[in-house]
Number of protein chains: 2
Amino acid sequence: MNTKDYLITHNIKPSMQRIAIMDYLINHKTHPTADEIFVDLNKLYPTLSKTTIYNTLKLFTENGAVLTLNIDEKNVRFDGDTSNHAHMQCTRCGKVYDLKIISDAEIEVANHEIVETQIIMKGYCEKCRNINNN
Amino acid sequence: MNTKDYLITHNIKPSMQRIAIMDYLINHKTHPTADEIFVDLNKLYPTLSKTTIYNTLKLFTENGAVLTLNIDEKNVRFDGDTSNHAHMQCTRCGKVYDLKIISDAEIEVANHEIVETQIIMKGYCEKCRNINNN
DNA sequence: TTTAAAATTGTAATCATTACAAATATGATT
DNA sequence: AATCATATTTGTAATGATTACAATTTTAAA
């Protein structure tokens with residue numbers, strides 16, 4: 001599927017800016033920050049504003065087109081791959097790697113030396129799940 | 001074990017401030033932010049500075065006495081419970097709950113409605129694990 | 001006590017992110 | 001094609017969590 005249709009599938013109207021940002025995330029599997037995306041895309045599209053990057057990434061996340069990753073305290077990262085996988089960040093170089101989830105009990109950690117594992121779920125707690133949205 | 005000895009065990013010299021902050025984390029299992037800790041402790045110890053809170057939480061984390069949680073983009077949270085457990089944040093109320101890890105393949109999600117699961121590991125990648133520390 | 005090192009403090013700076021209002025683009029309707 | 005309403009984009013200014021830094025205070029050894 002092309003990028004335009006991918007956005008439409010997620011109920012996102014495909015503007016030029018949105019396609020450029022989504023394309024960037026599909027082609028750069030480095031879990032970039034908003035600023036990294038801005039710096040790179042700004043070379044190609046000098047009128048693109050950083051606010052648009054932020055707005056767009058928020059919209060993409062809300063519509064399930066990308067993942068927002070809170071891996072470290074420095075800044076938020078974005079992932080165009082929404083399939084089921086885990087992440088590992090190297091404490092020394094800061095790079096974020098994808099890890100393949102083999103089964104509920106097994107994750108392929110490759111040649112990384114794992115020091116710590118965090119599991120974070122998001123959803124609704126008992127109280128909040130019973131409140132009506134509006 | 002008392003708080004003082006807990007800190008000593010983690011190679012942390014137990015000053016008054018450090019004991020107060022560690023005590024706070026042991027007694028408040030709400031995954032507080034640095035600011036929440038500051039506001040509460042400042043009532044008891046009006047001379048305590050926010051910088052000390054940050055310095056101390058950083059030291060505690062480096063020495064494995066507390067966990068630093070990057071759960072959402074707003075701010076960092078801290079957990080005095082370093083035992084193996086998972087977290088779940090309610091998207092509506094923002095509260096962070098502890099989840100019990102029953103086995104490698106099973107986490108007790110209680111009555112929460114889980115929407116998304118993230119697994120984040122920290123450690124050293126292949127390149128960096130072969131570099132000597134100094 | 002003297003003295004050096006460690007810890008704490010307050011203020012100022014940093015920097016990622018957001019708020020906001022103006023400008024532009026889009027798309028339907030006449 | 002002109003008009004109009006709505007959505008999108010933009011630039012600037014504000015926000016707010018965290019950190020840098022230098023001064024002060026505490027600690028503990030000599």
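Numbers restart at 1 for each chain; the letters A, B, ... are given by sequence-line order, proteins then strands.
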Which whole-number value in Å describes the distance from [X] [atom1] to [N] [atom2]?
{"X": "A:Ile21", "N": "D:dT9", "atom1": "CD1", "atom2": "C1'", "answer": "10 Å"}
{"X": "B:Asn55", "N": "D:dC21", "atom1": "CG", "atom2": "P", "answer": "13 Å"}
{"X": "B:Lys74", "N": "D:dT18", "atom1": "NZ", "atom2": "P", "answer": "12 Å"}
{"X": "B:Lys50", "N": "C:dG10", "atom1": "NZ", "atom2": "P", "answer": "12 Å"}

Considering only [options], which nucleotide approaches the side chain of [X] most closely?
{"X": "A:Gln17", "options": "D:dA17, C:dT8, D:dT9", "answer": "D:dT9"}
{"X": "A:Ala34", "options": "D:dT18, D:dT9, C:dT17", "answer": "C:dT17"}
{"X": "A:Ser15", "options": "C:dT8, C:dA7, D:dT8", "answer": "D:dT8"}
{"X": "B:Ser49", "options": "D:dT10, C:dT9, C:dT18", "answer": "C:dT9"}

Considering every strand and a 4.0 Å limit on heavy-atom distances, what is the contact class for [X]: base, sugar-phosphate, or nothing?
{"X": "A:Thr47", "answer": "sugar-phosphate"}
{"X": "B:Thr52", "answer": "base"}
{"X": "A:Asp35", "answer": "nothing"}

- Start with the C-alpha distance between B:Asp40 and B:His28, add both sets of side-chain angles, then the distance that settles side chain to side chain donor-acceptor pair (under 3.5 Å), and finish with yes or no. CA-CA 11 Å; B:Asp40 281 356; B:His28 296 79; 4.8 Å; no
- Compare side-chain N and O positions of B:Tyr54 against OP1 and OP2 of D:dT19 and report whether any pair is under 4.0 Å apart.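 For D:dT19, OP1/OP2 do not have a side-chain N/O of B:Tyr54 under 4.0 Å.
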- Message: On a heavy-atom basis, which atom in B:His85 and which in B:Asp81 lie closest, and how many Å separate them?
- Response: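 Between these two residues, the closest heavy atoms are CE1-O, 3.1 Å.
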- Message: Please give me the minimum heavy-atom distance between B:Ile101 and B:Ile107, naming the atom from each residue.
- Response: CG1-CG1, 4.2 Å
- Does the D:dT12 base have a donor-acceptor partner in the side chain of A:Thr51 within less than 3.5 Å?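 Present.
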- Give me the ring orientation class for A:His10 and A:Tyr6: parallel if the planes are under 30° apart, tilted from 30 to 60°, perpendicular past 60°. tilted
